[in-house]
Amino acid sequence: MLQDLKLKLDRDLNNKIVSSSVLLDNLVLLNDQSRKSSSYVDPTHVPFYYYLGKYFKANNLLEINTGAGLNSCCYFKSCNTVKNYLAFQGKEDEFYSARFAFKNINKNYKNNFKFHYGSLKDEFFNKEIIKYNWDCVLINENKFNYDDLLFSLSKIWMNTSSNGLFVVNCLNSNDVVKSCFYNF
């Protein structure tokens with residue numbers, strides 16, 4: 001199954017069927033400069049989530065570090081099977097407004113949606129994790145505390161469906177995430 005999924009994703013990413021600008025066109029960003037950043041201009045970054053949704057149909061989606069909701073929105077544009085979506089955004093020193101995420105997600109997703117802004121070890125978040133068997137877990141780049149991430153990965157893993165998929169987009173660019181994921 002994973003080899004077949006990888007082949008399909010590689011094929012679509014190489015063919016560049018859908019561009020980032022098309023996927024992000026109706027989404028709200030902080031400013032126009034955001035549309036020029038490398039992760040949004042990269043023809044493989046944002047479209048990957050669209051293609052993933054095309055071939056991997058999840059019922060329950062968990063996203064760690066939602067940001068403005070761009071990755072999950074691209075997933076939702078091609079996948080309409082998600083019944084439950086839990087979005088998490090970790091607290092940082094920088095100001096974060098969930099307004100962009102809510103607006104973007106609500107444009108692209110209409111089912112059960114919960115959002116948590118806080119810590120991976122918060123009681124609310126951990127109660128939400130155990131409610132469903134997660135079919136797809138998106139882990140987006142951010143600053144993580146190793147112990148908190150390892151704790152959450154373990155808890156999420158216990159509540160992942162047998163054919164569940166973890167997508168870690170910052171594995172090679174974030175040493176804490178890379179080390180934690182490999183040790184996990």
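Because the structure is predicted, anything quoted here is derived from the model rather than measured.
Criterion: ILVMFWY side-chain heavy atoms under 4.5 Å apart, direct or through other members. Under it, V167 and L7 are not part of a common hydrophobic cluster. When the side chains of ILVMFWY residues are joined at heavy-atom separations under 4.5 Å, either directly or via intervening members, F115 and V82 end up in a single hydrophobic cluster.
More than 12 heavy atoms of other residues, nucleotides or ligands lie within 6.0 Å of NZ in K57, so this atom counts as buried by the packing criterion. No more than 12 heavy atoms of other residues, nucleotides or ligands sit less than 6.0 Å from atom NZ of K103.
Side-chain atoms of D25 do not come within 3.5 Å of backbone N or O of S21 as any donor-acceptor pair.
Scanning for side-chain hydrogen bond (donor to acceptor under 3.5 Å, both in side chains) contacts around S72 gives E63, Y85, with sequence neighbours left out. Residues forming a side-chain hydrogen bond (donor to acceptor under 3.5 Å, both in side chains) with D4 (at least two apart in sequence, or on another chain): K8. Partners of K127 according to the salt bridge (Lys or Arg N to Asp or Glu O under 4.0 Å) rule, which considers only residues two or more places apart in sequence or in another chain, are E123. For the ring pair (Phe, Tyr, Trp, His ring centres under 6.0 Å) test, residues two or more places apart in sequence or in another chain that qualify with Y132 are W134. Considering only residues two or more places apart in sequence or on other chains, S119 meets the side-chain hydrogen bond (donor to acceptor under 3.5 Å, both in side chains) condition with none of them. Taking K6 as the reference, D10 meet the salt bridge (Lys or Arg N to Asp or Glu O under 4.0 Å) condition, with sequence neighbours excluded.
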For a side chain to side chain contact (heavy atoms under 4.5 Å, CB included) check, start with the C-alpha distance between F48 and N169, then their side-chain angles and the critical distance, and finish with the verdict.
CA-CA 10 Å; F48 169 82; N169 80 1; over 6 Å; no
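The two residues N108 and C73 come nearest to each other via the heavy atoms ND2-SG, 3.7 Å.
Using bins of under 30°, 30° to 60° and over 60° for the plane-to-plane angle, the ring pair F125/H116 lands in the parallel bin. The aromatic rings of F181 and F184 sit tilted, their planes meeting at an angle between 30° and 60°.
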